[in-house]
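Okay, structure first, notes after.
In what follows, chains are A, B, ... by sequence order, proteins preceding strands, each numbered from 1.
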Protein chains: 2
Amino acid sequence: MKIDNIDSYLREKDVKPSYQRTKIFQYILDNHNHPTVNQIYEALTDKIPTLSKTTVYNTLNLFIEKKLVEIITIEGNEARYDIYNPNDHAHFKCQLCKNLFDIHLDFSKMSLKELEDYKINEQHIHFIGICPECAKKQI
Amino acid sequence: MKIDNIDSYLREKDVKPSYQRTKIFQYILDNHNHPTVNQIYEALTDKIPTLSKTTVYNTLNLFIEKKLVEIITIEGNEARYDIYNPNDHAHFKCQLCKNLFDIHLDFSKMSLKELEDYKINEQHIHFIGICPECAKKQI
DNA sequence: ATCATTGCAAACACTTTGCATACGC
DNA sequence: GCGTATGCAAAGTGTTTGCAATGAT
């Protein structure tokens, strides 16, 4: 996604910019590694020493509500966040390096007969296993 | 899944049966609605008044470890449990009635080019939306 | 008698809420 | 100056841990 001016993008999406909001959005935009709340907080607390986790939570919830950001739930205990991406894609969580990768998938070829009568608002696909990097190291 | 004797099935899977373990396993077996820890606890506390949530958690974690049961994480705040089922299937969570449905899916037709080098140990697919029952009521 | 299971209470981790302070227009 | 955003502290929720009592063989 190409966003040249974060503040005007936020305004476009009906979010009033603030120093914290801009920095949090920028962090998620720059770090496509699907950070947790803690990672965002730890990374920004250097630049914004007064930052509180409450603000990170408040801001992320606002971003989710306004569809700027989406939450990725793979393990129940760690919520991860990413720029909202309505395109078909899946996630791959590596059991060794713990990284979360985006995988581009074509859902359209799945047989969905059984889902005919269901109204799908969201779809989430994720895989768990070993990523290519870690597989190499294991040999 | 057809299981005629729960205790011998548990033993087969290297789990020493106990009154609590048998009842918890039976509950998940009988209730294919993917119960939460609370639902299991509430349902069994009538029959086993001394039952504690700790035991439910301990038992479920043991079952997961021994691959008798699997955990389904859709929303981060509610872990749901189901009999372990290694076959391709997805879950559908209804936003209105909150029920969780099993959906039989054929993953094999998905284009997985990008995943060639990844070693997949688990795959999870879930949809969120409105189930047929609730869709009817909404009209 | 020994060893494993149970279950209470406390600890933990993650997230939300209440409210006073600070900030931006 | 007014309305909103921030951030501390406390509360809430779901889960795990420590440990004494209980139960099974």
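Checking D/dG7, D/dA5, C/dA4 against every side-chain atom of A/Arg21, the shortest atom distance belongs to D/dA5. Distances were taken from every side-chain heavy atom of A/Thr55 (C-beta onward) to each of D/dT6, C/dA9, D/dC8; the shortest belongs to D/dT6. In this structure, of C/dT6, C/dT15, D/dG14, it is D/dG14 that holds the atom nearest to the side chain of B/Tyr57. Closest to the B/Ser52 side chain, of the nucleotides C/dC14, D/dG7, C/dC8, is C/dC8. Checking C/dG7, D/dG14, D/dT4 against every side-chain atom of B/Asn58, the shortest atom distance belongs to C/dG7. Residue B/Ser18 has its side chain nearest to C/dT5 when only D/dT6, C/dT5, D/dG7 are considered.
Annotation: side chain of B/Gln123 is not in contact with side chain of A/Ile128 (no heavy-atom distance under 4.5 Å).
One interatomic measurement links the two molecules: CG of B/Asn77 to C1' of C/dT15, which rounds to 9 Å at whole-angstrom precision.
A salt bridge does not link A/Glu12 with A/Lys66: none of the charged nitrogens is closer than 4.0 Å to a carboxylate oxygen.
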**OP:** Could you please spell out the steps behind the side chain to side chain donor-acceptor pair (under 3.5 Å) verdict for A/Asn38 and A/Lys53?
**Re:** CA-CA 8 Å; A/Asn38 251 315; A/Lys53 258 185 205 174; 3.0 Å; yes
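Of the side-chain N and O atoms in B/Gln20, one or more sit less than 4.0 angstrom from OP1 or OP2 of C/dG7.
In this structure, A/Asn61 and B/Leu62 both approach DNA chain C, and ranking their closest nucleotides by distance from the 5' end singles out B/Leu62.
To the nearest 0.5 angstrom, B/Asp102 atom CG is 7.0 Å from B/Leu100 atom CG.
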